[in-house]
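Since the structure comes first, as structure tokens, the remarks are kept for the end.
Note on naming: letters A, B, ... go to the chains in the order of the sequence lines (proteins, then strands), and numbering restarts at 1 for each one. In this text the structure is predicted, and so the values were computed from the model without any measurement. Scope of the values below: all heavy atoms of this structure, side chains included, with no hydrogens, waters or symmetry mates.
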Amino acid sequence: MRFLINIFCAASVLFGTLNAVHAARNSVVVGMQLEPPNLDPTGGAAAAIDEVVYSNIFEGLTRFQADGSVSSGLAKSWSISGDGLVYTFELNDGVKFHDGSIFDASDVKFSLDRARAENSTNAQKGLFKGIEAVSVINPLVVEIKLSNPNGSFLRNLAWGDAIILDQETAGKAATAPVGTGPFKFSQWVKGDRVDLVRNEDYWGNSVALEKASFKFISDPTAAFAALMAGDVDAFPVYPAPETLAQFDADPNFNVIVGSTEGETILSTNNQAENLKDVRVRKAIAHAINRQEIVDGAMFGFGTPIGTHFAPHHPDYVDLTGQSNYDPDRSMALLAEAGHAGGLTLSLKLPPPSYARRGGEIIASQLRAVGIETKMENLEWSQWLEQVFKGKDYDLTIVSHTEPMDIGIYGNPKYYFQYDSQEFRDLMTQLNLETDANKRSSILKNAQKLISKDYVNGYLFQLAKTGVANAKLVGLWKNSPTQANDLTGVSWKE
Amino acid sequence: MKIPLAFIIGCILSFLFFVMTIVSLFWIPHEVEKLNILERLKGPSYQYFLGTDHFGRDIFSMLMVGGQTSITVALIAVSVGMIFGIPLGLLAAASRQSIWDDLIMRSNDLIFAFPSLVIAILITAVFGPSAINAIIAIGIFNVPVFARVTRGAALSIWTLDFILSARIAGKGSLRISVEHILPNILSLLIVQGSIQFSLGILAEAGLSYVGLGVQPPTPSWGRMLADSQTMISFAPNLALFPGITIILAVLGLNLLGDGARDLLDPRLQDKIR
Amino acid sequence: MFSYVFSRMRVLILSLLFASFIIFLMIEIIPGDPASFMLGINAEPETIQALKKELGLDVSKFQRYLDWITGMLAGDFGVSYTYRVPVSELVLSRLGVSIPLALYAILLSTIIALPVGLFAAANHGGFRDWSVMGFTQLGIAIPNFWFAMVLVLIFSIYLKWFSAGGVPGWEKGILLNLKALTLPAFALALPQASILARVMRSAIIDTLSQDYFRTARASGLTYGQAIFRHAFRNALIPVLTIIGLQFSFLIAGAIIIENVFFLPGLGRLIFQGIVQRDLIVVESVVMLLVFAVVLVNFLVDMAYLVVDPRLRGNK
């Protein structure tokens, strides 16, 4: 036994010394749960792509700031014609791509035309739908003509899907991205990490970090262990809210709690046999105890919502009262709808823990009012196939993370299958309206309408819960778009 | 003959495991399908014998009910292996060195060549996760095990004298296999079954740990481990107790099976290898 | 003898063909397609069609099966749908983790198992034997993912001796990588070592009753010397067979452990490929694994042929 102990000690000395080697503090390792499938934000929907490249490697004409506002990016300034149809962008001078080639108006035209082309594989092609023509006025001025005025056009251009690529290197963006951003792509060890290095020729303000790595750790326990062991410096979207209290109590870590654009909803198939009846949907809404879900599934992180709108948005209306937790009322409604003897619904859950845990809690809450659920855990591909495309479901839980996406309710073929002419009329009005006050009131009416129709069960706004080394500053608190902008990140000492 | 201590321990552990599970069919301390968020993450106490999980469910009750899942899945998977594997093994032994023997044994090798967990994941990707798919995934890999054990044991019986006399009496291969071979190797197969059963419990835990087994709210030991592992740093009892339960159950059944085999006929097992 | 080799080769090729068919069939009937997965929920149907065309998914399944098989015969395993790099490149980089991990685990398990098995056999039937065998039973019964969790909790979170997972990459030096693979290798080695120790023990006990062992004893060797010089060497044959089997199991069977320690190994590649519906990756990697095992079986048969002259005559 003594022999074994000796070996043990020898091993710990040998390995222990290796730990002492510390990297100089001008690099950062950022943990992410999912690995991006590729690094081309114009050719895939995975949030992980933008979380690596957005405003680090690639930039667009405009960009999101940490507070969600839209500011200038590669475009220095712009002017909009009186009818709101022509946007003239003046581009920054002296911008170079990482391979040394010059950025100019032709690259803008190429990128936008590529995104809206017929054979485009852009996951958010809808963003570019209103563009009628893109024309190069001179190398530093580009003009975009729209077919209809669009109040959110500048915002659309800020999306990761609208970044500007060079014609020569666009085809390689998936594996060897070449952009204009403050960081250059260095290497991608598949299954492990992506390394970036500082772009010394950056046209804007130089960044503090020399190196940055994104490390992919899918398992929440492993994420916890990696932070605790110091293998990663920050985990901006940390997958295990249950351990946040522990990080909070530890002076070596900062817990960063912010908001996201993710409305987490109990999506309901409005054309399903039992759910066509608004009384049943209303009964479900009253059977749900939101606070219990936020506490049980998210360990207290998240804001209850009563409609499909972000609570931090100025136009948000608090409608949680319309579907307050009231099991008696719920049972009465079910009886009225002819389901006094009980009802069985399918509940199909995608992989994120808000869905899996939230699903177990909702199943228990629904059981209390006499609705049995048949729970099924699906992976994303199965979910897309069965629920999203096939509409073969009664209930599911998903967080809709696109900003300002209430418009999806205007599409009767969307997987909720909510068919309301009234709502579609509201959306048409909204798109034609440019007056801010009137837009606001239309948005409020839209929120009230879907809440009154109990289209879905509205649960909570997903919180952005991140953990970082206490000495690391400048990470985004909120998540106006899915990004890990490292431009302002540095170590304080 | 002296009964080894390991065998006795195996008997006791297995007995406790089965009793616990059978009792859970009629009575458990707390309901396991009802969540009680207010009572979550309680340590062991008089009220909650082993504490509560992150949804406020009683861990002890969940372990009791989880035993049902383990036993059901493992038992059916082993039965699947026996139902298909034993006839194939008997056939291979009866027609040894023939094309049938070759075909069966080569297919066995081929099944073993497939990575089992990958196949389980693929089955789930096709049909969706459920207890039935866990059974199929575990069962498939039990078929060649039983075919091989059956063939090995049967071959050694075929060489014995009384088979020759049965032959002379005009009995066909099929009849000899069923009337003479099978009864002689049955006890051995049952012992093998108990070992495969314990491996099945371990496999079920592994599959439900990666989310491929029985779906919530039905408790299963593997999923309890998966659910609790992010909380292991502040609520270690959540991961500790299901882990220990799995270990004790598998250990008990293994000791039982091994001991039984030794008691049965130490000579016979050499022949199989 | 040639006819025997020839017939075994025929079996090998038929097995592989059959396996390729089964694998393709099983993976192609999985619902869901890579293009929809990649483009997410806001994509328009035309966009998905365009991507499918770009990925070469718009041809018939039969055509794709033929392309796949003929490609593999020429050493071309296709291009990953999601990563957009050749599958062979992905596999090679993953093997850079999987093979060292498997070797490390095998090494650990052998180092532990052989002395333990020998010790138990030498004390055959005694209390020491009994307690050692009890421990190996325990080792078999412990789920390795649970053991891995416990190792992480103790050695990375509390003691901070080892990092919680990941590998630094071979360019950073061998020692650092070995250190990173230590906990996962231990987690994998525990059940393997238990099995191996039991095999070792019974193999040695078997030789104890053999004539040459008695002769060795009679010629004046002590019990320990006899075990070491004769029994041990003869026990190596079954032990090596088991080690070979374990190695091929560890290459693909480490999926769960790779997840716990976020290692970019082959198992995770398959798992990710299934989740992302990167079918070509899954098909090719599974096929490669099956091929490896079938080939090893074939080579073992051939080796027996060389070793055992009796086989040469008949068949």
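Interatomic distance, B:L225 CG to C:F145 CZ, rounded to the nearest 0.5 Å: 5.5 Å. Atom OG1 of residue B:T230 and atom CE of residue C:M149 lie 9.0 Å apart, to the nearest 0.5 angstrom. Distance CG/C:L12 to CG/B:D109: 11.5 Å, rounded to 0.5 Å. The structure places CD1 of C:I30 at 10.0 Å from OG1 of B:T124, a figure rounded to the nearest 0.5 Å. Between C:I140 atom CD1 and B:L251 atom CG the span is 9.5 Å, to the nearest 0.5 Å. Taken from CD1 in C:I22 to CG in B:L122, the straight-line distance is 12.0 Å, to the nearest 0.5 Å.
For C:V275, no part lies under 4.5 angstrom from a heavy atom of chain B. Using a 4.5 Å cut-off between heavy atoms, C:V290 contacts chain B through both its backbone and its side chain. C:V152 does not touch chain B: none of its heavy atoms, backbone or side chain, sits under 4.5 Å away. Of the two parts of B:F114, the backbone and the side chain both hold a non-hydrogen atom closer than 4.5 Å to a non-hydrogen atom of chain C. For C:F291, no part sits under 4.5 Å from any heavy atom of chain B, backbone or side chain. For B:A226, no part sits under 4.5 Å from any heavy atom of chain C, backbone or side chain. The contact between C:I274 and chain B is made entirely by side chain atoms (from C-beta outward), counting heavy-atom distances below 4.5 Å. Contact annotation for B:L202: only side-chain heavy atoms (C-beta onward) come within less than 4.5 Å of a heavy atom of chain C. Residue C:F147: no heavy atom, backbone or side chain, is found under 4.5 Å from chain B. Contact annotation for C:L153: only side-chain heavy atoms (C-beta onward) come within less than 4.5 Å of a heavy atom of chain B. Residue contact with chain C, scored on non-hydrogen atoms closer than 4.5 Å, involves the backbone and the side chain of B:L240 alike. Only the side chain of C:I23 has a heavy atom closer than 4.5 Å to any heavy atom of chain B. With a 4.5 angstrom heavy-atom cutoff, C:I157 does not touch chain B via any of its atoms.
Scanning both residues, B:A125 and C:P31, for their nearest heavy atoms gives O-CD, 3.5 Å. The two residues C:I256 and B:G206 come nearest to each other via the heavy atoms CD1-O, 4.2 Å.
Within a 6.0 Å radius of CZ in C:F21, other residues, nucleotides and ligands contribute 12 heavy atoms or fewer. Heavy atoms from other residues, nucleotides or ligands lying under 6.0 Å from CD1 of B:I132 number 12 at most. Within 6.0 Å of CZ in B:F84 there are 12 or fewer heavy atoms belonging to other residues, nucleotides or ligands.
Highest contact tally toward chain C, considering only B:L253, B:L5, B:I244, is held by B:L5 [criterion: heavy-atom pairs under 4.5 Å]. With chain C as the partner, the residue from B:S198, B:S107, B:A239, B:G252 showing the most heavy-atom pairs under 4.5 Å is B:A239.
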| field | Verdict with supporting geometry, B:D258 and C:R198, side-chain contact (heavy atoms from CB on, under 4.5 Å) | value | CA-CA 12 Å; B:D258 268 13; C:R198 297 177 74 79; 2.7 Å; yes

| side-chain contact (heavy atoms from CB on, under 4.5 Å) between C:W146 and B:I246, intermediate numbers included | CA-CA 10 Å; C:W146 184 80; B:I246 294 172; over 6 Å; no

| query | For C:F271 and B:I121, what are the C-alpha separation, side-chain angles and deciding distance, and is it a side-chain contact (heavy atoms from CB on, under 4.5 Å)? | reply | CA-CA 8 Å; C:F271 194 73; B:I121 297 170; 3.4 Å; yes

